[in-house]
Amino acid sequence: MRVLVGVKRVVDYAVKVRVAADKKAVDLSNVKMSMNPFCEIAVEEAVRLKESKAATEVVAVSVGPKQAQETIRTALAMGADRGIHVQTDLRTDQELDSKAVASILSKICADESPDCVILGKQSIDGDFGCTGSMLASLMSVPQCTFAANIDFEKKTVERETDAGTEVVAFPSLPAVFTADLRLNEPRYATLPNIMKAKKKKIATLSASDLGVDLSSGNEVLEVFEPPDREAGVFVETVDELVGKLKDEAGVI
Amino acid sequence: FIHFSTNFLLFSKSIMISAISSRAARTLTSTANRRLASTLIVADHDGSAVNASTLSTVTAASTLGDITVLVVGGSEDVAKSASNVQGVSKVLHASTEGYIGGENVAEAILAAHSSTPFTHILAPHSNLGKNSIPRAAATLSASPVTDVIEVQSSDTFVRPMYAGNALAKVKNSDDVKLVTVRPTAFDKAADTGGSAPVEALSFTESPSSPAFVSASESNSDRPDLSSAAVVVSGGRGMKNGDNFKMLESLADKMNGAVGASRAAVDAGYVPNELQVGQTGKVVAPDLYVAVGISGAIQHLSGMKDSKTIVAINKDKEAPIFQVSDYGLVQDLFDAVPEFEAKI
């Protein structure tokens, strides 16, 4: 089984972002970038499939600027076999949209014929959460989103829902899976694997090589910070807390 | 006099011409840019009635023209509950025994849209909406706009990015706008007083649809976490799942729901559906009590729109105190029972 994994380079999850002065976008200058946490989980799942011999090859794909290659290298260091970098200078947090990425991935899948595609359920910059479903739609395959556990032998997936979890049986492969938080705990790439990863191949393409139009129906007119909450106060005792909730806040 | 009247005629003619031109120009522009808006709302339901997030979505669509609600699966009762909602013009009921997942719901959306094209297709940003809206959007070559917190006009929406640390004003130019809305950002429409006609909608189920096997849901008599007026939430400070009974007791006294931070869920104290945060549930109750929660960016993202926030944590430096209205630095194992006793 060949597994294709999408990985995205995003602002590190611990960074508190600031909006740029021109209010056109978030200020990314000198900000630490990392692999999207849900993409890490996706890579980990794919690598485990290879380790259990369920998969024969893991291909990591990223769409983004030249630095996206670093993100692909991290996937290779975690155990992916080769990478594909689709180069674009569009801002990947707001100009390059899910429709464009899904279109690119579907073209790549047409060439690579993976048995399964694993993506993160959302990227923590745009928080759209659309790419997996859009790709599955373009490929006309099942979308096993919010996966908490995948059983490729039984062809079932446990998915997170609003009310808990459910288990569904997917009819066939190929299918698109999107990784939720509890699918697995990703490994750290070890130094020997990081060195080995330097020898693995990354092919570079452009969207026009794939015949994909990157234009989006969405245009971000402005980016701004949400209004601040008014500063709160400390209370010394439970009595004081109860008093304030009754008399000031009026919530009890 | 002749000179004057000639000038007068020329003057008034030019006024008439410019008046006609600008009115004609406005008409041409509005015809080209703005068909009469009409919205399809994909209802979220529990099998017997549409839920609170659907009612909020109706409000979000209130400036977007006539509203048709699509109910996929569920009984006649669900369709009836949709038709009772104020502001709804029509209900389409796509009955099915099949699994109500993104694949099938997208097919139902496309069937509804192909018979009567809509300008807007909305859903709550719930599991159902998150799965079906993007899938349908891909078929329609549209760019979805998700988790919308404000509808500024028929083509301009505000949505959060970066765990809500930035808000984006987004303009969409697709012929049909595929949108999911954040339910806590919109008041619920009244669920009585409407009397929309219910029509059956037939659609072909997707060959890609999975089959339902089983579900594991905690059955609770407590209010639904997503829409409860009071939420009591526990974090890693609770130390184990048993200690959550203390929070359940407090929540019950206030007729509230119980939530949790990711840390508490990952540690196995409580099931995943209690998680509040960027990748869990977004809540905005009247009162949010954060107990033993440090306040990571990702957690704040899910509760910072609560009207009143109380934090109880023995660490004075915990980031949660930066968003709380009332902060109590005390051992939660003393504070919570005392708090429950005194309210």
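Within every chain, numbering begins at 1; the chains are lettered A, B, ... in the order of the sequence lines, protein sequences first and strands thereafter. Everything quoted here is computed from the prediction, not taken from an experiment. Below, each value reflects all heavy atoms present in this structure, side chains not excepted, and no hydrogens, waters or symmetry copies.
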Using only atom types and a distance under 3.5 Å, with no angle test, would you say the side chain of [X] pairs donor to acceptor with the backbone of [Y]?
{"X": "A:Gln122", "Y": "B:Thr279", "answer": "no"}
{"X": "A:Asn218", "Y": "B:Val170", "answer": "no"}
{"X": "B:Arg159", "Y": "A:Gly126", "answer": "yes"}
{"X": "B:Gln298", "Y": "A:Tyr13", "answer": "yes"}

Minimum heavy-atom distance A:Lys16-B:Asn165, with the two atoms named: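 So the two residues come closest at CE-OD1, 3.3 Å.
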Nearest non-hydrogen partners of A:Val11 and B:Tyr162, listed with the distance: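 Scanning both residues completely, I find the closest heavy atoms to be CG2-CE2, 3.6 Å.
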Part of [X] within contact of chain B (heavy atom distance under 4.5 Å):
{"X": "A:Leu241", "value": "side chain"}
{"X": "A:Ala102", "value": "neither"}
{"X": "A:Asp125", "value": "both"}
{"X": "A:Thr131", "value": "neither"}
{"X": "A:Lys246", "value": "side chain"}
{"X": "A:Arg159", "value": "side chain"}
{"X": "A:Ala175", "value": "neither"}
{"X": "A:Thr165", "value": "both"}
{"X": "A:Ser216", "value": "both"}
{"X": "A:Val15", "value": "backbone"}
{"X": "A:Lys121", "value": "side chain"}
{"X": "A:Val19", "value": "side chain"}
{"X": "A:Val26", "value": "side chain"}

Look at [options] and state which one has the largest set of heavy-atom pairs under 4.5 Å with chain A.
{"options": "B:Leu128, B:Asp147, B:Ile309", "result": "B:Ile309"}
{"options": "B:Lys177, B:Lys342, B:Lys316", "result": "B:Lys342"}
{"options": "B:Glu217, B:Gln330, B:Lys307", "result": "B:Glu217"}
{"options": "B:His125, B:Gln322, B:Met254, B:Lys281", "result": "B:Lys281"}
{"options": "B:Leu274, B:Asp305, B:Ile297", "result": "B:Ile297"}
{"options": "B:Lys169, B:Arg135, B:Lys130", "result": "B:Arg135"}

Verdict with supporting geometry, B:Tyr99 and A:Glu166, side chain to side chain donor-acceptor pair (under 3.5 Å): CA-CA 11 Å; B:Tyr99 173 64; A:Glu166 66 185 6; 2.2 Å; yes
For [X], which atoms come within 4.5 Å of any heavy atom of chain A: side chain, backbone, both, or neither?
{"X": "B:Val230", "answer": "neither"}
{"X": "B:Phe157", "answer": "neither"}
{"X": "B:Pro144", "answer": "both"}

Of the listed residues ([options]), which shares the most heavy-atom pairs with chain B below a 4.5 Å separation?
{"options": "A:Asp228, A:Thr156, A:Asp93", "value": "A:Asp93"}
{"options": "A:Ala169, A:Ser106, A:Cys130", "value": "A:Ala169"}
{"options": "A:Gly232, A:Gly164, A:Ala25, A:Ala148", "value": "A:Gly164"}
{"options": "A:Leu245, A:Asp180, A:Thr237, A:Ile252", "value": "A:Leu245"}
{"options": "A:Thr161, A:Leu138, A:Leu135, A:Leu181", "value": "A:Leu181"}
{"options": "A:Ser103, A:Ala136, A:Ser98", "value": "A:Ala136"}

A:Val233 side chain reached by B:Tyr326 side chain, heavy atoms, under 4.5 Å: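 Counting from C-beta outward, B:Tyr326 and A:Val233 do come under 4.5 Å.
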